[in-house]
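Along the sequence shown, the residues carry numbers beginning at 1.
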Amino acid sequence: MNRYNSSGIPKTFKNGLYFTDQIFKETKLSLNYTNTQSNFKTKREVSSHYLFSDTSYQTQKISNEQKNSETNSVNLSISQKIDSLTTMTLSSNFKYDKGSRNYNETNQFISSQNELQRETDIDNSNQLKKYTIKNNLWLIHDFKKKNRKLTANYQYNVNNSNSTGFLNSANIYEPPQVTNEIKQEKSSETSNSEHIAALTYTEPLSKKIKTELGYDYAGNKGLQDKKTFDFLNGNYNQLNDSLTNNFENNRQINRVGLKFIYDIKKKNIQIGARLRQITSESENIETKQKFSQTLNSVLPYAKFRYNFSDNARLNIGYLTSSKQPELNQLHPLSDNSDPNSIYIGNPDLLPTYNQNLNIGYNFFKPVNGNSLWTSLKFTTINNNISNSVYYDTSGKSITQPVNVNGNYNGNFNFNYTLPLFSKRVEISPGIFSAYSNSSNIINGENNSTKNLSLRGGLHATIHADSGAIEINLNSSYGNTLSKTTISNFNNKILITADYSASISYEITKKWTLSTDIAYTYKTQQTKSDNVEYYIWGASINKKFFKKENLILSIEAYDLLNQNIDAEQTITDNVLTYSKSNSVGRYILLKAVYKLNSNKTSWNEE
């Protein structure tokens, strides 16, 4: 049965038309249109503990958010086989969005002596209209010579958005009761156009060795015009220069790569490198101030695959990548969308440089169904784009992106499937473990956050009564530990346990009855905040007509009405516990009709 696990209460209406046909012998056409309307209401309670080397403070926040949106989307795809060696595919997408958002937040700032220092009330509202156009053209040509291949791709993308909104904020300082108010009208218009072209040519040098040469180009031009007006003398007519900007952004990326491939029956070795140059320029149209960067990178990579058999292989890969700062991260401008947390860009940011090592082994035995999948991954990040955050004595913060080193993460994953009793029973144990270290700067002091998690699980599937009955049993138990160097706050190990069971019974060929129950238990730093709940659901469905084109079903969710969305996280120096409203008990009547005139059974899809 489907589950909705996110926070908030959604209402969604979706309809559309879908068409796919082989209109000519060598031409396939796909065309579809969808309209989606949604309404989303979220109420959230958040308790945050801010940790410093010499002190701490807490915040208690209650927020309400309502979002309404409507999306109209048209997709077109044409695939044309030009000749026996050449195929061309054209795809286009047009999307138009409009929506609104209303957000209210009340936040209390409490000192380490448990005294109320400040209380804020924030109202944010905005209206948005946006359209996006994406076009993609592929040309693939295979030559008569084996393994010789040419691939060409061109993309043209355009997007434009307009938004208007209002920010009303009141700060009440205790003691004495001093109120500081913000009343502003905000407008924003952004537009972007992007050209992307790529060409890849593969040439076999011998039966075992081939080379691949590639070049790609990306050019992006964007305009960003933001205006903020303060409320004065009964009108929003006072332009706020510090929160107003008008930028033109240009970015070009040129990349060339060369790869050698050695391929025999049991071994495949790939070694190559890419040379990349990025040039970007951002100009404030009003002040004529310019920010520009030109960056060159060498990005090597290597892959090794060894086939022990047709169904067992070892993969080892080394990959480097680099991420350019976003343009809004480079602009030295303030954003007060959240007056409690001001954001300022940094024009001196450098791109990140990532190194990734992946090792994986898997096998599958078709005869008895035995399978194993395991992987080990490790990533280091140089010049990672993190944050430098300054907190004042009242709990307000100013955040600026900065480059830091010392970030790394790794994880290990193991999954095994063991069929028993002629595959009537399948048992699948699994283990997942992860460790990460991330750095940032708090009030000028370096801080590292280390996270360690370990999770184990067991899944079992039982088929009975010649397949008419299917039983699924799941269990999962995990521990998480987080520590920061800026504070000696005593973090305890957090536990998350999930157990579930489901049974599906095919009463007849047309009727199916199913039910499931799940139990979740989560510990928090404070015992009183521990979470424990059961989710019980059931459904019945009936297939109609000879080809089973129509399915009617009744689905019941959370019959005990216990669903909760609660989570605890540690990010940098902030320990956060949040609880949100979630979808509770409901009953759904569903009808599905399939136009599958070429099939004799619904299950053949």
Please list, chain by chain and in numerical order, all residues satisfying side-chain contact (heavy atoms from CB on, under 4.5 Å) with [X], sequence neighbours excluded.
X	result
Y416	F363, N370, L372, F414, L418, P429
A501	L473
Q329	P325, E326, Y343, L349, I385, P401

With S428, which residues qualify under side-chain hydrogen bond (donor to acceptor under 3.5 Å, both in side chains), at least two apart?
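Checked S428 against side-chain hydrogen bond (donor to acceptor under 3.5 Å, both in side chains); matches are T417.
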Short side-chain donor-acceptor distance under 3.5 Å, [Y] and [X]:
X	Y	answer
R276	S322	yes
N107	T120	no
K450	N437	yes
N447	N573	no
N39	N68	yes
E194	N157	yes

Taking only residues two or more places apart in sequence, or in another chain, which ones meet [X] in a ring pair (Phe, Tyr, Trp, His ring centres under 6.0 Å)?
X	answer
Y408	none
Y534	Y519
Y236	F166, F231

Do [X] and [Y] have side chains that approach each other closer than 4.5 Å (heavy atoms only, starting at C-beta)?
X	Y	value
I381	T379	yes
K221	E248	yes
K95	T71	yes
S375	W373	yes
N443	F52	yes
Y353	N383	no

With sequence neighbours excluded, residues passing salt bridge (Lys or Arg N to Asp or Glu O under 4.0 Å) with [X]:
X	answer
R274	none
K227	D225
R455	D498

Listed once per pair and sorted, the ring-ring contact (aromatic ring centres under 6.0 Å, His included) pairs that draw on residues 315-339, sequence neighbours left out:
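Passing the test, one end in residues 315-339: F247-H331.
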Do any N or O atoms from the side chain of S386 and from the backbone of S439 form a donor-acceptor pair under 3.5 angstrom?
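Between the backbone of S439 and the side chain of S386 there is a qualifying donor-acceptor contact (under 3.5 Å).
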For residues Q355 and T320, report the shortest heavy-atom separation together with the two atoms involved.
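Shortest heavy-atom contact: CG-CG2, 4.1 Å.
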Closest heavy-atom contact between I398 and I344?
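The pair with the smallest heavy-atom distance is CG2-CD1, 3.8 Å.
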Centroid-centroid under 6.0 Å between Y50 and Y391 rings:
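Judged by ring-centre distance (under 6.0 Å), Y50 and Y391 do meet the cut-off.
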What distance separates L452 CG from S436 OG, expressed to the nearest 0.5 Å?
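It comes to 9.0 Å.
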According to the salt bridge (Lys or Arg N to Asp or Glu O under 4.0 Å) rule, which pairs have a member within residues 181-191, sequence neighbours left out?
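Of all non-adjacent pairs touching residues 181-191, none passes salt bridge (Lys or Arg N to Asp or Glu O under 4.0 Å).
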Answer yes when K61 and E45 have at least one side-chain N-carboxylate O distance shorter than 4.0 Å, and no when they do not.
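Salt bridge flag = no for E45 with K61.
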